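These notes concern the structure reproduced below.
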Amino acid sequence: MDAFADILEAIAHAPIQKRAVTNHGVLNEAYDYAKPSSFSRGMRIDIGGVCILMISGTASIDENGVSLHIGDFSAQLRRTFDNITGLLKSEGATWHDIVRTTCYLRDIDRDYDVFNAGRTAFFKEQGLDPLPASTGIQAHLCRPELLIEIEAIAMFRTDKPPAVGQTPLARQ
């Protein structure tokens, strides 16, 4: 608990810096869509040696804003994970830094088993332990062809050496 108290103390007196997260090699900006949308792909918040990444709802979309893998839930899920991975990497983070995901499925009754199997396999590939906290929700997504959208929160210290499985960039 001393480490947690130290983090709270540092946060209480530290300036807050924020900036948008982007990775144009993975995703374009939402305002570049044919029908522009106003949100950042994510937000980086730095507070006293702690970084918080708030990754916006991310789906199976390419770097030009085109929906991919229409009708294929597994492929959309994998592309969504790849897009989030690219956003994390742009900030020097990995899935080991993820503390929470919120997963929106267009049809939870139809797709939950495939979703859960794909998520479990992906998290095992990443070697995640503990697993992130998560919520699954059925929702109408922003495009009718999208079957899955995931938002994520990552946290890591920027004033300590990297943990196992993380890159040194995650601590700069």
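Everything numeric in this text was worked out from a predicted model, so none of it was measured.
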Measure across [X] and [Y] and return the closest heavy-atom pair with its distance rounded to 0.1 Å.
| X | Y | answer |
| --- | --- | --- |
| Cys142 | Glu149 | SG-OE1, 4.2 Å |
| Ile70 | Gln76 | CA-NE2, 4.0 Å |
| Ser56 | Ser40 | OG-O, 2.6 Å |
| Leu87 | Asn23 | CD2-N, 4.0 Å |
| Asn83 | Ala59 | ND2-O, 2.8 Å |
| His96 | Gln126 | NE2-O, 2.8 Å |

ask   = Arg19: what forms a side chain to side chain donor-acceptor pair (under 3.5 Å) with it, not counting sequence neighbours?
value =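 Result, side chain to side chain donor-acceptor pair (under 3.5 Å) vs Arg19: Glu91.
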Taking the side chain as C-beta and beyond, is there a heavy-atom pair between [X] and [Y] under 4.5 Å?
| X | Y | answer |
| --- | --- | --- |
| Phe123 | Pro132 | yes |
| Ser60 | His69 | yes |
| Val99 | Ile153 | yes |
| Asp111 | Ile148 | no |
| Ile16 | Asp46 | no |
| Leu147 | Arg110 | yes |
| Ile150 | Leu77 | yes |
| Leu105 | Phe73 | yes |

ask   = Step by step, would you call Val50 with Met155 a side-chain contact (heavy atoms from CB on, under 4.5 Å)?
value = CA-CA 7 Å; Val50 174; Met155 293 180 69; 4.1 Å; yes
task = Could you pull out all residues at least two apart from Tyr104 that satisfy ring-ring contact (aromatic ring centres under 6.0 Å, His included)?
result =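 If we apply the ring-ring contact (aromatic ring centres under 6.0 Å, His included) test to Tyr104, skipping adjacent residues, there are no hits.
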task = Report the residues that fulfil ring-ring contact (aromatic ring centres under 6.0 Å, His included) with Phe81, sequence neighbours left out, ordered by chain and then residue number.
result =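 ring-ring contact (aromatic ring centres under 6.0 Å, His included) list for Phe81, sorted by chain: Trp95, Phe122.
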task = With side-chain contact (heavy atoms from CB on, under 4.5 Å) as the test, would you mind laying out the steps for Val21 and Leu53 before giving the verdict?
result = CA-CA 8 Å; Val21 171; Leu53 300 178; 4.2 Å; yes
query = Pick from Thr135, Thr102, Thr58: which one makes a side-chain contact (heavy atoms from CB on, under 4.5 Å) with Glu151?
reply =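 Per the side-chain contact (heavy atoms from CB on, under 4.5 Å) rule, the option paired with Glu151 is Thr102, out of Thr135, Thr102, Thr58.
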task = Check the surroundings of atom CE in Met54: do more than 12 heavy atoms from other residues, nucleotides or ligands lie under 6.0 Å from it?
result =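 No, because the 6.0 Å sphere around CE of Met54 holds 12 heavy atoms or fewer from other groups.
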task = For Asp113, look at atom CG and say whether over 12 heavy atoms of other residues, nucleotides or ligands are found less than 6.0 Å away.
result =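 No, CG of Asp113 has 12 or fewer neighbouring heavy atoms, counting only those of other groups under 6.0 Å.
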ask   = Which pairs count as salt bridge (charged side-chain N to carboxylate O under 4.0 Å, His left out) when at least one residue sits in residues 77-86, sequence neighbours excluded?
value =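 Output for this query lists Glu63-Arg79, Arg78-Glu125.
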ask   = What salt bridge (charged side-chain N to carboxylate O under 4.0 Å, His left out) pairs are there with at least one residue in residues 64-76, not counting sequence neighbours?
value =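 Salt bridge (charged side-chain N to carboxylate O under 4.0 Å, His left out) check on residues 64-76 returns no pairs.
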message = Restricting to side-chain contact (heavy atoms from CB on, under 4.5 Å), what partner residues turn up for Ala152, sequence neighbours left out?
response =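 Partners of Ala152 under the side-chain contact (heavy atoms from CB on, under 4.5 Å) test: Ile55, Ile98, Thr101.
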Point-to-point distance, once rounded to the nearest 0.5 Å, from OG1 of Thr22 to CZ of Arg44 =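 Rounded to the nearest 0.5 Å, the OG1-CZ separation comes out at 14.0 Å.
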message = What I want to check is whether the side chains of Ser67 and Arg143 have a donor and an acceptor closer together than 3.5 Å.
response =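 Yes, because at least one side-chain N or O of Ser67 sits under 3.5 Å from a partner of the opposite role on Arg143.
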task = Determine whether Ile61 and Leu141 fall in the same hydrophobic cluster, where Ile, Leu, Val, Met, Phe, Trp and Tyr are linked whenever their side-chain heavy atoms lie under 4.5 Å apart.
result =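 Ile61 and Leu141: one cluster.
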message = Assigning hydrophobic clusters by single linkage (Ile, Leu, Val, Met, Phe, Trp, Tyr; side-chain heavy-atom cutoff under 4.5 Å), is Ile84 placed with Leu131?
response =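 Linked, Ile84 and Leu131 end up in one cluster.
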query = Is the backbone N or O of Val66 less than 3.5 Å from a side-chain atom of Asp62, with the two atoms forming a donor-acceptor pair by type?
reply =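 Present.
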key: Backbone of Cys51 reached by a side-chain donor or acceptor of Thr158 within 3.5 Å   =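 No, the answer is negative, given that no donor and acceptor are paired below the 3.5 Å cut-off.
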